[in-house]
Amino acid sequence: QVQLVESGGGLVQAGGSLRLSCAASGRTLSDYVMGWFRQAPGKERQYVSLISWNSGSTRYANSVKGRFTISRDNAKNTVYLQMNSLKPEDTAVYYCAVARDFYSDYSRYAYWGQGTQVTVSS
């Protein structure tokens, strides 16, 4: 079992920044990939960014490339998502999740956090 707890969401104006955190516990995650996903009202959950716990390799959705940065702190078992130049279309509930490989399909992820709301005002 893996427990994931997100934090750091909030309300920010367009152009602003937020940093999300995802604290993981329950098992060793060295062979896993951590992912950030988001879901806006009435829309399907979509992939945002991924990071390998082991190597630190990263992936980004085109919609966030150049604005968002994913990172990890192995000592704290925590993954971060630094979000800069936020846009109103970034408004969503953001979730972190765990999988065995770099999947952009959210259905491949077995463990999820409860989500944190990010709202970007125009």
Side-chain angles (χ1 to χ4, degrees):
Q1 275 292 76
V2 178
Q3 290 79 44
L4 304 171
V5 179
E6 302 98 334
S7 61
L11 173 63
V12 65
Q13 287 190 330
S17 299
L18 283 173
R19 188 176 82 153
L20 305 183
S21 300
C22 173
S25 62
R27 69 183 301 168
T28 302
L29 297 172
S30 57
D31 295 331
Y32 287 81
V33 168
M34 302 291 291
W36 283 100
F37 291 77
R38 66 188 181 187
Q39 187 165 19
K43 294 190 176 182
E44 193 174 49
R45 193 166 297 190
Q46 62 175 200
Y47 137 75
V48 175
S49 184
L50 310 174
I51 187 166
S52 165
W53 201 266
N54 234 353
S55 68
S57 297
T58 59
R59 304 282 191 275
Y60 295 94
N62 287 337
S63 58
V64 306
K65 205 171 288 184
R67 300 188 298 124
F68 291 11
T69 303
I70 192 171
S71 62
R72 81 218 191 282
D73 184 330
N74 288 21
K76 295 183 179 180
N77 258 16
T78 300
V79 172
Y80 303 98
L81 186 68
Q82 177 67 43
M83 306 186 295
N84 298 329
S85 302
L86 282 162
K87 305 174 181 179
E89 52 264 42
D90 294 318
T91 295
V93 178
Y94 283 70
Y95 300 89
C96 64
V98 174
R100 282 287 192 176
D101 208 335
F102 284 99
Y103 302 120
S104 58
D105 179 355
Y106 68 88
S107 68
R108 303 297 295 266
Y109 288 74
Y111 302 105
W112 291 86
Q114 82 288 353
T116 185
Q117 176 71 46
V118 171
T119 302
V120 184
S121 63
S122 57

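- Trp53 pairs by the ring-ring contact (aromatic ring centres under 6.0 Å, His included) definition with nothing, not counting sequence neighbours.
- When all heavy atoms of Asp31 and Arg100 are compared, the pair lying nearest together is CB-NH1, 3.6 Å.
- Counted by atom type alone, Ser30 and Asn54 present zero donor-acceptor pairs between their side chains at under 3.5 Å.
- Taking a 6.0 Å sphere around CD of Gln13, one finds it holds 12 or fewer heavy atoms contributed by other residues, nucleotides or ligands.
- No side-chain donor-acceptor contact under 3.5 Å links Thr116 to the backbone of Ser7.
- For the pair Ser49 (side chain) and Arg59 (backbone), a donor-acceptor distance under 3.5 Å is present.
- In this structure, Arg38 forms no cation-pi arrangement with Tyr95, as its terminal cationic atom is not both closer than 6.0 Å to the ring centre and no more than 45° off the ring axis.
- Taking 4.5 Å as the limit, some side-chain heavy atom of Tyr109 sits within range of a side-chain heavy atom of Phe37.
- Using a 4.5 Å heavy-atom cutoff, the side chains of Gln39 and Tyr106 are not in contact.
- Under a 3.5 Å cut-off, the side chain of Glu6 and the backbone N or O of Gln114 do form a donor-acceptor pair.
- A search for salt bridge (charged side-chain N to carboxylate O under 4.0 Å, His left out) contacts involving Arg67 returns Asp90, not counting sequence neighbours.
- Between the side chain of Thr78 and the main chain of Lys76, a donor-acceptor pair closer than 3.5 Å is present.
- Both Met34 and Phe68 are members of a single hydrophobic cluster when ILVMFWY side chains are connected at heavy-atom separations under 4.5 Å.
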